[in-house]
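One structure is given here, and the rest of the page talks about it.
Everything quoted here is computed from the prediction, not taken from an experiment.
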Amino acid sequence: MLKENYFLLESSSHGYHAFYTLLKENFSGLQAIQYTDELMDAVCALTGSRSFWNNHVFVIFVEYPQVSVVSSLLHDLLDPFSYILVTYYKEPHQILMPVSGNLFEHIFTDFSLFHSDYYFAKLRCELEKLRRIFFLKSEMRSFYDIGKALASEKDSIRLFEKIIDSSMDMTASDAGTLYLIVDQETGSWSSIKNSDCSRKFFKFAISRTLSVQSALETSTMPITRESIAGYTAITGRTQNIEDAYRIDDHVEYHHNSSFDRRTGFITKSILSIPMKDHQDNILGVIQLINKKKDKTELIDYSDPERISHVLTYDTADVMVMESMAGLAAVALENNLLYRDMEALLKSYEEQNRSLTLLSRKILKAHEEERKRIAREIHDGAAQSAANLAIKLEICKKILERGEKADVMKELDTLGNNVRNTVNEIRGIIYDLKPSYLENGLIMALKNHIESFTENTGIKVMFTANGDDNKIEYYLVSTLFRIAQEALSNIYKHARADLVKVDLEIGNGCLSLILSDNGVGFETAGLTQKRHKSIESGFGLEGIMERVELIKGSISITSQSGSGTVLSIKVPLAS
């Protein structure tokens, strides 16, 4: 609020008593001061320092001879729109020199020539101009503060509260609602482009009522031209309604009085403003209700006399709120952008953690594979090669004794051992990259199952549906290893005589299910237990890790005495 201060720098000369009395009668609170320094101290005490946002205005009456000094001091101390300087003199032939600064008027105090009503009316008009300037400065300050607050707010709910609270405060409204536009399918914030509101809803972001205690729950409603907010959003035009219950019948929209009936609130004046971004897309609607003379006033809606005092929103309110709605739209866009960036950053962080974990698992899988290969070579080809060396030493000793027949016999055995060792080495190489994987997963599983049945005597029923031609090689290899390990575990531990293997490929997903009629096991604590040993290869832990590496899911159903079902689902690249 603008605070008006009136000062009179009294003259040491006589003859101004009647003029001083007239000033005191017309300007209540006039302070008479004798010295210039005292006047400056009083002004400084009220303002603190020169500021564009100062809310004090000064009217200072100074005798002409002192005006130059006072004008210079005020120019350095105050904003030019913060004071009015009036000089007075009594000598009829006083030569008045130009005065720099914000000088309003020279007053000749001879009452026969001094038209006090004229001068004081003129002075009050000048004060009214300063009040208007102060109002505009206040609006600028409000926009400045609101802009900073909205720009810095990262929490969506608090942002909505600031938007509606600031709007109500600037227009002295008794109630306000913020409607935001959301996508019908996803529920995420959206906008209306070119009046197209299809597949869009209004969401009550926040509602305020000062004189009636009633909270409006967050909900959605369709956007139609029949509602005031909907019409505002579709047309993109501000609606200023004098009386909600007296809207012209020819207008498309009407007032929904359900809130009034439920709470006792009476809606009269409405200002409905679209929130437009820089491309004129509508992000929402700010709706203000019942403008008051004093923004702190509470309205008793049971008193018809009080309701009659509700004002209509004026042109200044419309201008202020259209600017405010623009600020709110920018703040909302920035808020959504910040939230999206924050979500993206969290996603990147999660991906980095996943990649780190994945890298560790891959390194572990490689190390386990190297150990498996080393174990197979150690238990097979390496021992066979050692036996070959021993056999050669035996042949040398027999040859030294000249026992030709025994040498030939040992050489035959040695030849067989060499061929077996070669076959073992070929088997290891073949197992590292079996050529039959090139023919697809279905054929690879079919061949392995036939070999498995032949070597173990366990019957396996295999069914496959779908096209495996487009499955990438690394998936084919990994899924084959999983099935291979699962069948190996069944042979070693399940004591089953029947296994079913079902492979389904389609709809961007692959499903592999292995079930047996073996002894089963208790699955409690399966994820914590280490299912790995030299005899069982990777075991269930290895299978689960392989499934995780290819972004699949696995479920194991089993209990003692009722067999086991291993179900794996893996997404396929589109």
Side-chain angles (χ1 to χ4, degrees), residues 1-138 140-141:
M1 180 179 291
L2 184 64
K3 298 177 181 179
E4 299 174 4
N5 306 275
Y6 300 92
F7 288 102
L8 166 64
L9 185 60
E10 293 182 318
S11 172
S12 58
S13 59
H14 301 287
Y16 291 115
H17 179 73
F19 178 67
Y20 293 164
T21 301
L22 185 63
L23 290 180
K24 292 175 182 178
E25 290 175 353
N26 280 271
F27 302 102
S28 61
L30 178 71
Q31 299 181 52
I33 295 176
Q34 292 186 345
Y35 304 105
T36 303
D37 291 345
E38 185 182 352
L39 172 65
M40 293 302 109
D41 290 342
V43 172
C44 287
L46 292 171
T47 60
S49 62
R50 183 185 181 111
S51 172
F52 181 75
W53 307 116
N54 179 33
N55 66 334
H56 286 270
V57 64
F58 299 90
V59 179
I60 301 175
F61 297 92
V62 180
E63 188 181 17
Y64 176 76
Q66 303 181 66
V67 70
S68 294
V69 174
V70 174
S71 177
S72 178
L73 293 172
L74 291 174
H75 180 269
D76 294 336
L77 183 63
L78 296 176
D79 180 285
F81 298 109
S82 298
Y83 69 95
I84 299 173
L85 186 59
V86 183
T87 67
Y88 59 91
Y89 63 99
K90 62 181 179 179
E91 298 298 332
H93 303 295
Q94 177 79 52
I95 299 175
L96 304 177
M97 302 298 292
V99 178
S100 61
N102 194 13
L103 180 64
F104 169 67
E105 190 68 72
H106 295 289
I107 295 179
F108 181 43
T109 60
D110 184 343
F111 275 71
S112 63
L113 299 174
F114 176 46
H115 304 290
S116 60
D117 291 343
Y118 166 76
Y119 280 113
F120 291 157
K122 186 177 178 181
L123 181 57
R124 290 189 177 93
C125 286
E126 190 70 13
L127 271 172
E128 185 58 36
K129 291 179 183 178
L130 292 188
R131 292 189 191 99
R132 185 60 183 170
I133 291 173
F134 173 77
F135 172 77
L136 295 174
K137 286 164 60 178
S138 299
M140 290 175 62
R141 180 61 181 265

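Pairing each heavy atom of Thr87 with each of Tyr64, the nearest pair is CB-CA, 4.3 Å. When all heavy atoms of Ser11 and Tyr20 are compared, the pair lying nearest together is N-OH, 2.9 Å. Nearest heavy-atom pair across Leu46 and Phe58 is CD1-CE2, 3.6 Å. Val62 and Ile60 make their closest contact through CG2-CG2, 3.5 Å (heavy atoms, listed as atom of the first residue, atom of the second, distance).
For the atom pair CD (Gln31) and CD (Glu38), the distance works out to 9.5 Å, reported to the nearest 0.5 Å. In this structure, Asp76 CG and Ser71 OG are separated by 9.5 Å, a value rounded to the nearest 0.5 Å. Note that the CD1 atom of Ile33 and the CE atom of Met40 stand 8.5 Å from one another [nearest 0.5 Å]. Here Leu39 contributes atom CG and Cys44 contributes atom SG; the two are 9.5 Å apart, rounded to the nearest 0.5 Å. With rounding to the nearest 0.5 Å, the separation of CD in Glu63 from CG in Leu9 is 8.5 Å. Rounding to the nearest 0.5 Å places CG of Leu73 at 11.0 Å from OG of Ser68.
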Do Phe61 and Leu23 pass the side-chain contact (heavy atoms from CB on, under 4.5 Å) test, and can you show the C-alpha distance, the side-chain angles, and the key distance before you say yes or no?
CA-CA 9 Å; Phe61 297 92; Leu23 290 180; 3.7 Å; yes
Stepwise side-chain contact (heavy atoms from CB on, under 4.5 Å) test for Ser82 and Val57:
CA-CA 5 Å; Ser82 298; Val57 64; 5.6 Å; no
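In this structure, the side chain of Asn5 engages the main chain of Lys3 through a donor-acceptor pair within 3.5 Å. Put simply, the side chain of Thr21 gets close to the backbone of His17: a donor and an acceptor are under 3.5 Å apart. Side chain of Thr47 to backbone of Val43: a donor-acceptor contact under 3.5 angstrom is found.
Using bins of under 30°, 30° to 60° and over 60° for the plane-to-plane angle, the ring pair Tyr88/Phe19 lands in the tilted bin.
There is no side-chain donor-acceptor pair under 3.5 Å between Tyr16 and Glu10. Counted by atom type alone, Glu4 and Tyr6 present one or more donor-acceptor pairs between their side chains at under 3.5 Å.
Contact check for Tyr83 versus Val59: no side-chain heavy atoms found under the 4.5 Å cut-off.
Figure legend: cation-pi geometry between Arg124 and Phe27, with NZ or CZ positioned under 6.0 Å from the six-membered ring centre and within 45° of its axis.
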